[in-house]
Amino acid sequence: MTIYANLVIGQDGSTTRNGSSKSLSSQEDRRRFHELRKKVNCIFIGGETARSEPYSKTPIPLVVVSRSKDIEAISTNPLAKIFNTNPKAALQVAVNEYGPDLLIEGGPNLLIEVLDLVDELYITLSKEKGDGQIVSFDGLTRGFVMEDLEKVDGEIFYKFKRLK
């Protein structure tokens, strides 16, 4: 079983601009997270991400952790399923139902709640600035060791593995 997580962070530590991470994400960043999706059995996000990001269609099952059973933005996605439970319990149900490899694409609040279960953490440090929630890069990567770092067109792509 491998739990992957992927997050884009603006150069100012923000995770969104104008309510979405898409405006912080470059074409190269999106290419990389689509490559990550090829390794997993399902995508795992929170309700806030489901409402603000484009998840109306996904190539693999989409698990949404939310107290609200009605999220219009994913209503057209036949592969989406909403779990109304705590994130760690939902993650375990998703693994049991869809398979052992899962990608967390949810925002920082969801990621922080399940960070201790993440095996591989991918962070893109964008060259853009945002206006949304600020996260601590050091806080997110505590308990991980950097395995790879690549700079492309002013962005930095990090890969971290959980310290064993």
Side-chain angles (χ1 to χ4, degrees), residues 1-10 15-17 20-66 71 73-83 87-128 135 137 140-141 143-164:
M1 178 170 98
T2 304
I3 306 296
Y4 302 91
N6 186 50
L7 186 68
V8 61
I9 300 174
T15 56
T16 60
R17 183 169 62 203
S20 172
S21 67
K22 189 173 183 177
S23 57
L24 294 177
S25 180
S26 67
Q27 185 174 352
E28 177 63 14
D29 179 52
R30 287 187 290 280
R31 184 193 68 73
R32 288 169 185 255
F33 84 71
H34 284 291
E35 284 298 314
L36 269 176
R37 285 180 174 182
K38 292 177 182 178
K39 294 181 173 186
V40 299
N41 307 105
C42 78
I43 301 165
F44 189 82
I45 64 173
E48 210 43 52
T49 299
R51 285 183 274 284
S52 62
E53 304 286 349
Y55 283 95
S56 60
K57 184 178 179 184
T58 53
I60 56 178
L62 174 69
V63 172
V64 181
V65 181
S66 178
I71 301 175
I74 62 162
S75 63
T76 59
N77 185 337
L79 299 177
K81 190 169 186 180
I82 299 173
F83 292 170
K88 286 186 177 182
L91 194 123
Q92 189 56 56
V93 171
V95 165
N96 292 341
E97 192 166 320
Y98 297 110
D101 301 318
L102 183 141
L103 175 60
I104 301 166
E105 291 183 3
N109 293 334
L110 175 66
L111 179 56
I112 288 166
E113 284 193 55
V114 296
L115 192 58
D116 60 322
L117 302 176
V118 171
D119 301 300
E120 292 186 20
L121 175 62
Y122 293 81
I123 296 177
T124 299
L125 190 57
S126 173
K127 59 185 174 184
E128 304 294 331
V135 296
F137 185 89
L140 287 174
T141 59
F144 290 88
V145 62
M146 185 174 36
E147 187 172 87
D148 193 28
L149 176 151
E150 187 178 354
K151 295 179 181 181
V152 179
D153 294 331
E155 291 183 305
I156 305 173
F157 299 92
Y158 294 93
K159 177 183 178 183
F160 294 91
K161 281 215 172 187
R162 165 100 23 228
L163 286 170
K164 298 293 180 188

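Every value quoted in this text rests on a predicted model; they were computed, and no experiment measured them.
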Set of side chain to side chain contact (heavy atoms under 4.5 Å, CB included) partners for Ser66, sequence neighbours left out: Arg51, Val64, Ser68, Ile71, Ile82
Smallest heavy-atom separation, Gly107 atom then Thr49 atom, equals N-OG1, 3.1 Å
Give, for atom CE of Met1 and atom CG of Asn96, the distance between the pair rounded to the nearest 0.5 Å. 9.0 Å
Would you mind reporting whether Asn77 and Leu62 have side-chain heavy atoms less than 4.5 Å apart? yes
Smallest separation among heavy atoms of Ala80 and Ile74, with atom names: CB-CD1, 3.9 Å
Side chain proximity check, Val145 to Glu147, heavy atoms < 4.5 angstrom: no
Identify the heavy atoms of Leu125 and Gly10 that sit nearest to each other, and give their distance. CD1-O, 3.8 Å
Is a salt bridge present between Arg32 and Glu150, judged by a nitrogen-to-oxygen distance below 4.0 Å? yes
Quick one: does Lys88's side chain get under 4.5 Å of Asp116's, heavy atoms only? yes
Rounded to the nearest 0.5 Å, how far does CZ of Phe137 lie from CG of Leu7? 10.0 Å
What distance do Ile43 atom CD1 and Tyr55 atom OH have between them, rounded to the nearest 0.5 Å? 6.0 Å
Heavy-atom closest pair, residues Pro87 and Val114: CB-CG1, 3.7 Å
Would you check if Val118 and Phe144 make a side-chain contact, meaning some heavy-atom pair closer than 4.5 Å? yes
Are any non-hydrogen side-chain atoms of Pro61 and Asn41 less than 4.5 angstrom apart? no
Side chains of Glu113 and Asn109: donor-acceptor distance under 3.5 Å anywhere? no
Keeping Thr2 on the side-chain end and Asp101 on the backbone end, is there a donor-acceptor pair under 3.5 Å? no
Roughly how far apart are Tyr158 OH and Lys151 NZ, rounded to 0.5 Å? 7.5 Å
Distance check, rounded to the nearest 0.5 Å: Thr16 atom OG1 versus Glu53 atom CD? 8.5 Å
Heavy-atom nearest pair, Ala94 first then Phe44, reads CB-CD1, 4.5 Å
Please report the C-alpha distance between Ile3 and Leu102 in whole Å, then the side-chain angles of each, then the deciding distance to 0.1 Å, and finally whether the side chain to side chain contact (heavy atoms under 4.5 Å, CB included) criterion is met. CA-CA 5 Å; Ile3 306 296; Leu102 183 141; 4.0 Å; yes
Just do the side chain to side chain contact (heavy atoms under 4.5 Å, CB included) check on Asp29 and Phe157 with the steps written out, would you? CA-CA 8 Å; Asp29 179 52; Phe157 299 92; 4.0 Å; yes
Decide yes or no for Leu103 and Arg37: does some side-chain heavy atom of the first lie under 4.5 Å from some side-chain heavy atom of the second? yes
Is there side-chain contact between Lys81 and Glu97, with heavy atoms separated by less than 4.5 Å? yes
For Lys57, does the NZ atom have more than 12 heavy-atom neighbours from other residues, nucleotides or ligands under 6.0 Å away? no
Should the heavy atoms of other residues, nucleotides or ligands under 6.0 Å from NZ of Lys22 be counted, would the total exceed 12? no
Between Val8 and Ser21 the two heavy atoms that sit nearest each other are CG1-CB, 3.8 Å
Pair Asp153 + Lys127: basic N to acidic O under 4.0 Å: no
Verdict with supporting geometry, Ile9 and Leu24, side chain to side chain contact (heavy atoms under 4.5 Å, CB included): CA-CA 7 Å; Ile9 300 174; Leu24 294 177; over 6 Å; no
For the residue pair Tyr4 and Tyr122, categorise the inter-ring angle as parallel (less than 30°), tilted (30 to 60°) or perpendicular (more than 60°). tilted
As an exercise, state the distance from CD of Glu105 to SG of Cys42, rounded to the nearest 0.5 Å. 10.5 Å
4.5 Å side-chain heavy-atom contact, Leu111 and Leu121: yes
Judged by modelled atom types alone, do Thr124 and Glu155 share a side-chain donor-acceptor pair under 3.5 Å? no
